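Have a look at the structure below, then the notes.
Sequential numbering from 1 along the given sequence is applied to the chain's residues. Atom set for the values below is all heavy atoms of this structure, side chains included, hydrogens, waters and symmetry mates excluded. Not measured: the values here are computed from a predicted model.
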Amino acid sequence: MSLRIIFMGTPEFSVPTLQSLKQAGHEVVAVYTQPPRPGGRRGLDLVKSPVHQAAELLGIPVLTPPNFKAEEDRETFRAFKADVAVVVAYGLLLPEAILTGTRFGCYNGHASLLPRWRGAAPIQRAIMAGDAKTGMMVMQMEKGLDTGPVALTKEVEIGENMTVGELHDRLMLTGARAMVEAMEKLEANDLPLTPQSEEGVLYAAKIDKGETRIDFSGPARDVHNHIRGLSPFPGAWFEAEINGRVERIKVLASEMAQGSGEAGSVLDDALTVACGEGAVRLVKLQKAGGKPLAASEFLRGTPLAAGARLVQKIGPA
């Protein structure tokens, strides 16, 4: 026995779920993903999404409608006569015609413990808020934004120094296993649905470039969470005057540290920086156009010794 599945996803995060469903013996009859976008070294090539590339390797037909406004696209979707649609980071809001266009509807793999962190950036927001745990949830989709009833939950602890990149990779694999388990239960008619609580709702707004600058005037814990919640992409950053020129420097890893002083001042020769409350140590950094370096390597070519001040209010965001 197997399900006829339409898979809908776009980024790397979605790929293990697609592969796992196929490996579990389900018939993935079609893959929907975002259309190819300009990319390549000069931005002149059209680049297929990671899901698009993975589907082609698996020999699965790929469709890339820009939306589902055209009745022709809706009819094509229904014509697959799928049992279920599995959605993981697809990137489009689905209309009612698609949500009800398969036998069992659409099931979404969402990277948070709903109703906390509905929306676009749940992994980043969980870390930036200092959450101790998050998870993957499989939910049945409805018209609202991540409001549907929950079918399956897999919790994941967030380590004190874990970055969003590390958590992304862990949730990516956890989500694949969760969706395979959910589809097995669905096939056996043993997938209970639990309505989400109306309490504790939080929305994970998309990360705006204006919030990537590090504000050392806040508590050290908030600064640390901000840095790891944006690492490796888009990267939290500060500016410093180096050899008479202000340079932007990304911080890709940090840790809590002892010390106090004026916010933004370097307290020692190991890049411990004072915050409004407490201090953080900058562990991995990257100059514009450079490669990520451990603090000890970074300091060999960049004079940021004890007593230096990091510039926080200069240059555009």
Side-chain angles (χ1 to χ4, degrees), residues 1-36 48-111 114 136-152 154 172 175-194:
M1 294 290 292
S2 67
L3 294 170
R4 285 177 60 84
I5 295 175
I6 292 173
F7 185 83
M8 311 178 82
T10 298
E12 178 193 8
F13 188 83
S14 315
V15 171
T17 302
L18 169 61
Q19 295 169 331
S20 296
L21 290 169
K22 183 77 171 175
Q23 291 166 3
H26 295 293
E27 183 183 4
V28 183
V29 295
V31 164
Y32 281 76
T33 189
Q34 290 286 296
K48 297 175 180 178
S49 75
V51 164
H52 194 145
Q53 296 175 50
E56 288 186 335
L57 289 174
L58 293 169
I60 304 170
V62 179
L63 296 93
T64 59
N67 52 54
F68 287 97
K69 293 180 180 178
E71 181 57 35
E72 179 183 357
D73 290 327
R74 299 181 182 204
E75 182 53 41
T76 297
F77 184 91
R78 290 190 291 263
F80 284 110
K81 298 188 183 302
D83 293 313
V84 64
V86 169
V87 183
V88 181
Y90 179 35
L92 279 182
L93 289 175
L94 301 181
E96 185 74 19
I98 300 302
L99 294 175
T100 59
T102 66
R103 180 181 168 202
F104 295 120
C106 298
Y107 283 82
N108 180 38
H110 183 77
L114 294 165
M136 286 297 304
M137 280 186 156
V138 177
M139 68 169 183
Q140 188 178 53
M141 297 178 71
E142 56 184 34
K143 272 191 171 183
L145 178 62
D146 300 327
T147 58
V150 173
L152 198 70
K154 299 290 184 183
M172 179 171 67
R177 292 191 293 267
M179 190 61 74
V180 169
E181 181 179 340
M183 292 301 101
E184 181 181 333
K185 290 178 177 290
L186 180 66
E187 187 179 4
N189 196 29
D190 185 31
L191 187 64
L193 296 173
T194 303

[X] versus [Y], closest heavy-atom pair with distance:
X	Y	value
Ala82	Val29	CB-CG2, 4.5 Å
Leu152	Ala178	CD2-O, 3.1 Å
Ala54	Val15	CB-CG1, 3.9 Å
Ala182	Val138	CB-CG1, 3.9 Å
Pro65	Leu63	CD-C, 3.4 Å
Thr102	Gly105	OG1-O, 2.7 Å

All salt bridge (charged side-chain N to carboxylate O under 4.0 Å, His left out) counterparts of [X], not counting sequence neighbours:
X	result
Glu72	none
Arg4	Glu27
Glu56	Lys48
Glu187	none

Next on the checklist: Let's go through Leu94 and Met8 carefully: what are the C-alpha distance in whole Å and the side-chain angles of both, what is the deciding distance for side-chain contact (heavy atoms from CB on, under 4.5 Å) to 0.1 Å, and is it a yes or a no?
Outcome noted: CA-CA 10 Å; Leu94 301 181; Met8 311 178 82; 3.9 Å; yes
Quick one: pull up [atom1] in [X] and [atom2] in [Y] and give me the separation to the nearest 0.5 Å.
X	Y	atom1	atom2	answer
Leu57	Gln19	CG	CD	8.5 Å
Gln140	Leu193	CD	CG	5.0 Å
Met139	Asn108	CE	CG	4.5 Å
Asn67	Ile98	CG	CD1	10.5 Å

State, yes or no, whether a side-chain contact exists between [X] and [Y] at a heavy-atom distance under 4.5 Å.
X	Y	value
Met179	Phe7	no
Leu18	Ile60	yes
Leu58	Val28	no
Val180	Leu21	yes
Gln34	Leu92	yes
Glu142	Thr147	yes

Item to check | Pairs meeting criterion ring-ring contact (aromatic ring centres under 6.0 Å, His included) with involvement of residues 87-110, two or more places apart | outcome: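 Sorted pair list comes back empty.
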State whether the number of non-hydrogen atoms from other residues, nucleotides or ligands found under 6.0 Å of [X] atom [atom1] is greater than 12.
X	atom1	value
Glu12	CD	no
Leu93	CG	no
Asn189	CG	no

Checklist entry - Which residues pass the ring-ring contact (aromatic ring centres under 6.0 Å, His included) test with Phe80, sequence neighbours left out? => result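 Residues passing ring-ring contact (aromatic ring centres under 6.0 Å, His included) with Phe80: none at all.
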Next on the checklist: The criterion is ring-ring contact (aromatic ring centres under 6.0 Å, His included); which residues satisfy it with Phe68, sequence neighbours excluded?
Outcome noted: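 Applying ring-ring contact (aromatic ring centres under 6.0 Å, His included) to Phe68 gives Tyr32.
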Next on the checklist: Applying side-chain hydrogen bond (donor to acceptor under 3.5 Å, both in side chains), can you list everything that pairs with Ser20, at least two apart in sequence or on another chain?
Outcome noted: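 Testing Ser20 for side-chain hydrogen bond (donor to acceptor under 3.5 Å, both in side chains), a comparison that skips the adjacent residues, returns none.
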Next on the checklist: My understanding is that only residues two or more places apart in sequence, or in another chain, count here; which of them pass side-chain hydrogen bond (donor to acceptor under 3.5 Å, both in side chains) with Ser14?
Outcome noted: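 With sequence neighbours excluded, Ser14 shows a side-chain hydrogen bond (donor to acceptor under 3.5 Å, both in side chains) to no residue whatsoever.
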Sequence neighbours left out, what pairs pass salt bridge (Lys or Arg N to Asp or Glu O under 4.0 Å) with at least one residue falling in [range]?
range	result
residues 77-95	Glu71-Arg78, Glu75-Arg78, Asp83-Arg103
residues 175-185	Lys154-Glu181
residues 86-99	none

